[in-house]
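This report concerns only the one structure given below.
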Amino acid sequence: MRKGLFYGLLFTAPAILGFIIFTLGPMIASLVLSLTDYNVFKDQTSFIGFDNYSRMFSGEDELFYKSLGVTFYFVVLRVPAVIILSFFIALLLNMNVKGRAIFRTIIYLPSIVPAVASAMIWMWLLNPDLGLLNSVLSWLHLPTSNWLYAEGSVIPSVVLTTLWGIGSTVIIFLAGLSGISKQYYEAIDVDGGGWYSKLRHITIPMVSPTIFFNTIMTIIGSFQVFNEAYILTEGGPNNKSLFYVFYLWRTGFRDTEMGYASALAWVLFLIIMFFTYFVFKTSKFWVHYEGGGRT
């Protein structure tokens, strides 16, 4: 027994040490720093308690609520779009048609394109003067848009650019769909049901655990959006795309207010934890497992 425990700890030691050194340690350090006025260019660091948090929630920092609002707007738009579009594409790719493997590869490829390269492509596509999308709209005699350069359209435009990389989510949905037994669909056929009955009574309930997982991961990823703001918009125009993580990064690395940035990071952690907990608690009403079990 002790020998087995020794070897178990020995083989798991790299993972445990990696978590302690590279995850738990920095988290504890950032929590301590969030209670200080730590600045890279200051000679001394003072303990200030919850002053950083008071600065956020009191309204003294207007950009805090601004970035929160922008991020929540992005999350509300992106999460349903990613889940619904990925699920629909997965349904199509799950059909028994010729070239299915090729289509699956095409859908997945954009998700492995480097973020900078993908952003540069979208900057060209969404250019209001020379971009391909506006050129196509003009050719079709449809109204064009300023896309990333207008306050009203910048967030929907950023959401559009993120839909480019939903391949991994589609693959996870495909894995869930492949686990559904054909016998259930055959039973619907015997009863005279059509595609809608199969979708409502078989596909969606059986794949609900996959929807649950993808929803959690999409929510977390959406709250942590950074590359798009950093590369595409730099928070503009007029801070309309000032995403929370971009504001956090700018506070810590441009303004060198590491103490305040650490406090911002912990607020984000609590927000993500709250929404994750909320989805977990509500999942018992809509997530179904084969055999009648629920979460």
Side-chain angles (χ1 to χ4, degrees), residues 66-95 97-100 102-171 173-174 195 199 214-215 217-219 221-247:
K66 181 76 172 180
S67 61
L68 267 184
V70 168
T71 305
F72 274 109
Y73 180 36
F74 176 79
V75 171
V76 169
L77 289 182
R78 183 175 184 265
V79 172
V82 169
I83 298 300
I84 294 173
L85 183 60
S86 299
F87 182 61
F88 177 72
I89 293 175
L91 287 175
L92 295 178
L93 295 178
N94 196 49
M95 298 173 64
V97 296
K98 290 184 178 180
R100 183 171 61 174
I102 297 176
F103 290 123
R104 289 181 176 182
T105 303
I106 292 173
I107 290 296
Y108 183 72
L109 279 177
S111 64
I112 61 176
V113 175
V116 175
S118 178
M120 296 303 295
I121 293 172
W122 279 106
M123 288 182 67
W124 172 70
L125 290 174
L126 299 178
N127 187 289
D129 299 319
L130 306 173
L132 179 62
L133 291 185
N134 272 357
S135 299
V136 172
L137 292 174
S138 298
W139 183 72
L140 295 174
H141 302 289
L142 296 174
T144 58
S145 173
N146 285 327
W147 303 109
L148 297 169
Y149 302 93
E151 294 185 8
S153 61
V154 60
I155 297 300
S157 298
V158 174
V159 172
L160 176 63
T161 66
T162 63
L163 296 180
W164 168 264
I166 62 174
S168 57
T169 307
V170 173
I171 294 299
F173 270 125
L174 277 171
W195 68 269
L199 179 66
N214 279 334
T215 300
M217 300 306 295
T218 305
I219 289 174
S222 299
F223 271 112
Q224 295 177 332
V225 61
F226 172 77
N227 291 331
E228 288 74 12
Y230 182 72
I231 301 171
L232 292 176
T233 66
E234 296 184 355
N238 194 26
N239 290 324
K240 289 297 182 179
S241 64
L242 184 65
F243 294 110
Y244 192 90
V245 174
F246 178 72
Y247 176 55

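Just so it is clear, the values below take in all heavy atoms, side chains as well, and ignore hydrogens, waters and symmetry mates. Just so it is clear, the model here is predicted, and its values are computed rather than measured.
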**Q.** Those residues that, when tested against Thr161, pass side-chain hydrogen bond (donor to acceptor under 3.5 Å, both in side chains) (two or more places apart)
**A.** none

Q: Using the test side-chain hydrogen bond (donor to acceptor under 3.5 Å, both in side chains), find all partners of Asn227 that sit at least two apart in sequence or belong to another chain.
A: none

Quick one: closest heavy-atom pair of [X] and [Y], and the distance?
X	Y	value
Gly167	Ser111	N-CB, 4.1 Å
Ile155	Ser241	CD1-CA, 4.0 Å
Val154	Gly236	CG2-O, 3.8 Å
Ser145	Ser153	OG-OG, 3.9 Å
Thr71	Ser67	OG1-O, 2.8 Å
Leu163	Leu85	CD1-CD2, 4.2 Å

Got a second to check how far [X]'s [atom1] is from [Y]'s [atom2], nearest 0.5 Å?
X	Y	atom1	atom2	answer
Lys66	Tyr247	NZ	OH	12.5 Å
Leu68	Leu242	CG	CG	10.0 Å
Leu77	Leu160	CG	CG	11.5 Å
Phe103	Ile89	CZ	CD1	12.5 Å
Phe246	Tyr230	CZ	OH	8.0 Å
Leu232	Trp147	CG	CH2	13.5 Å

Q: Just do the side chain to side chain contact (heavy atoms under 4.5 Å, CB included) check on Val225 and Val245 with the steps written out, would you?
A: CA-CA 7 Å; Val225 61; Val245 174; over 6 Å; no

Q. Are a donor atom and an acceptor atom from the side chains of Thr169 and Ser86 found within less than 3.5 Å of each other?
A. no

Are any non-hydrogen side-chain atoms of [X] and [Y] less than 4.5 angstrom apart?
X	Y	result
Thr218	Arg78	yes
Pro143	Leu137	no
Phe74	Ser222	yes

Q) Do Asn134 side-chain atoms and Pro128 backbone N/O form a donor-acceptor pair below 3.5 Å? A) yes

Q. Is the side chain of Ser135 donor-acceptor paired with the backbone N or O of Gly131 at a distance under 3.5 Å, no angle test?
A. yes

Return yes when atom [atom1] of [X] has more than 12 non-hydrogen atoms of other residues, nucleotides or ligands closer than 6.0 Å, and no otherwise.
X	atom1	result
Glu151	CD	yes
Tyr149	OH	yes
Phe226	CZ	yes
Leu142	CG	yes

For residues 119-127, tabulate all N or O donor-acceptor pairs below 3.5 Å that involve a side-chain atom, not counting sequence neighbours.
from, atom 1, to, atom 2, distance (Å)
Asn127, OD1, Asp129, N, 2.8
Asn127, OD1, Leu130, N, 2.9

Q.
Tell me whether the rings of Phe72 and Phe223 are parallel (<30°), tilted (30 to 60°) or perpendicular (>60°).
A. perpendicular

Q | With Ile83, the side chain to side chain contact (heavy atoms under 4.5 Å, CB included) member among Ile166, Ile219, Thr215 | A | Thr215

